[in-house]
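Okay, handing you the structure first.
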Amino acid sequence: MEKLWGGRFQGKSEEWIDEFGASISFDQKLAKQDILGSLAHVKMLGHTGILTVEETAAITEGLQTLQAKLQEGNLQFSIENEDIHLNIETLLHQEIGAVAGKLHTARSRNDQVATDMHLFLKDVVQEILEKLHHLRQTFVEKAEEHVETIAPGYTHLQHAQPISFGHHLLAYYQMFTRDYARLTESLKRIDLSPLGSAALAGTTFPIDREFAAKELDFSGVYANSLDAVSDRDFILEFLSNCSLLMMHLSRFCEELILWCSYEFQYIELTDTFSTGSSIMPQKKNPDMAELIRGKTGRVYGNLFGLLTLMKGLPLAYNKDFQEDKEGMFDTSETVLACLTIMDGMVATMKVNKSRMYAATQKDFSNATELADYLAAKGLPFRQAHEIVGKLVLRCTQKGGYLQDIPFEEYQAISPLIEEDIYVTLQPETAVKRRHSLGGTGFDQVRLQLDHAHKELLTEN
Ligand code: ARG
């Protein structure tokens with residue numbers, strides 16, 4: 001079969017080589033964007049008088065027909081036509097004849113493919129932002145239900161200090177809010193048009209790049225044609241932002257998995273988000289959370305794949321770039337799916353308040369309270385720390401916890417300790433009293449919630 005670029009070739013192409021070089025099996029995902037890009041390009045060619053009114057009309061109509069066929073699922077792509085750009089051009093030729101050959105005036109596949117990907121990512125990022133907004137809303141709603149739910153707070157996965165479970169959830173709200181901000185910020189660079197940079201050097205035709213950019217709803221154009229066709233930072237930024245987002249999702253999944261284990265039983269996931277075992281009838285596994293944690297790995301992989309691909313490439317276009325697409329598609333699909341699953345999982349999870357509370361009672365997570373109590377009464381904190389440390393040791397040897405030590409014993413240790421120590425040692429007191437800005441005190445958690453509500457409202 002004759003190639004669209006076949007002019008300077010004498011040898012025949014071979015199918016197995018064609019197959020290796022082709023990208024149509026995956027870049028057909030860009031069909032919609034490719035046609036949109038061509039529609040804007042031809043409109044610009046007409047607007048600038050590079051093509052006649054008739055030529056412009058014929059090509060536009062042909063492209064619109066292809067667009068309709070694509071929507072109906074009636075476009076047939078072939079490996080002989082290598083990639084989505086040559087496939088669409090060939091189909092256009094079949095549709096309208098030789099005039100189709102004028103579409104590629106003042107354009108190259110190099111600026112074309114970059115344009116397609118900018119258009120694609122713009123849509124995907126918007127979609128991710130919507131889902132992320134919703135997920136943050138879900139975290140806020142859950143947190144609202146659990147402002148006064150007392151849970152153990154951990155460091156080193158050891159009981160550290162009791163906290164409000166709402167506070168814990170709002171920590172994730174903050175991470176997702178940063179993800180949201182990063183993705184929003186990245187739109188500035190995604191929302192730029194490389195179109196009109198042609199192969200690498202621009203063109204001798206009197207094109208109007210800004211006109212075409214406006215047609216495509218881009219807010220600006222790349223300033224340098226070499227950069228425009230060889231920049232993949234916008235994809236890398238996307239992959240890196242998605243990696244961070246997945247890392248956050250994955251950390252929460254890890255907690256969910258722990259929390260629904262027999263040892264914790266802090267939460268229960270609904271049946272919808274759990275699966276059973278083919279051999280052990282009792283099993284209810286948190287598969288969806290595990291899968292999100294697992295899929296994080298492939299998103300990181302996509303980032304590293306493209307970073308590695310880029311590091312040695314000279315300007316401008318290199319065919320290596322063709323390898324930039326699958327990771328981008330895969331990441332988009334993965335992140336969108338994970339956000340949906342996570343949202344449903346969090347919205348429907350059951351929180352076992354009494355288990356969480358119980359976990360803060362038979363432990364030493366109130367040790368800081370006793371040390372702070374002494375320090376507040378004037379004892380240097382280091383000394384207070386030492387005294388409480390010894391008491392904890394004594395408890396672990398004799399049994400019991402700080403709240404079980406009889407009052408006489410406390411007084412013998414320090415006359416600074418009064419009857420109110422038992423209230424001080426209660427987990428709810430410990431949480432409630434942490435009024436410091438951003439702390440776990442109920443009032444502070446409510447403040448965070450107010451702020452989150454306002455933040456979410458301004459995004460709508
Ligand atoms: N399929 C190619 C890609 O994805 C399109 C650009 C091809 N340009 C070229 N000069 N071979 O990168």
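Note that these values count all heavy atoms, side chains included, but never hydrogens, waters or copies made by symmetry. This is a predicted model, so every value here is computed, not measured. Note that ligands are numbered from 1 as they come in the structure, with each ligand's atoms numbered from 1 the same way.
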Item to complete: For this output row, return yes or no: ring centroids of Tyr173 and Phe139 closer than 6.0 angstrom.
Response: no
Discussion item. Could you check whether Asp330 pairs with Arg298 (Lys NZ or Arg NE/NH1/NH2 to Asp/Glu carboxylate O, under 4.0 Å)?
Written reply: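 Salt bridge present between Asp330 and Arg298.
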Discussion item. Regarding Glu268 and Arg355, does a basic nitrogen lie under 4.0 Å from an acidic carboxylate oxygen?
Written reply: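 Salt bridge absent between Glu268 and Arg355.
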Worksheet item: If we ignore angles and hydrogens, is there a donor and acceptor under 3.5 Å between the side chains of Thr177 and Arg136?
Response: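 The answer is yes; a qualifying pair exists.
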Worksheet item: By salt bridge (charged side-chain N to carboxylate O under 4.0 Å, His left out), which residues pair with Glu148, not counting sequence neighbours?
Response: Arg446
Enumerate the pairs of nitrogen or oxygen atoms, one from ligand 1 and one from the protein, separated by less than 3.5 angstrom; state names and distance to 0.1 Å.
unit_1, atom_1, unit_2, atom_2, d
ligand 1, 1 (N), Ser23, OG, 3.4
ligand 1, 1 (N), Asp83, OD2, 2.9
ligand 1, 1 (N), Gln322, OE1, 2.8
ligand 1, 4 (O), Lys325, NZ, 2.6
ligand 1, 8 (N), Asn110, OD1, 2.9
ligand 1, 10 (N), Asn110, OD1, 3.1
ligand 1, 12 (O), Tyr317, OH, 2.4

Worksheet item: Under 6.0 Å between the ring centres of Tyr222 and His118?
Response: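 Close enough - the centres of the two rings lie under 6.0 Å apart.
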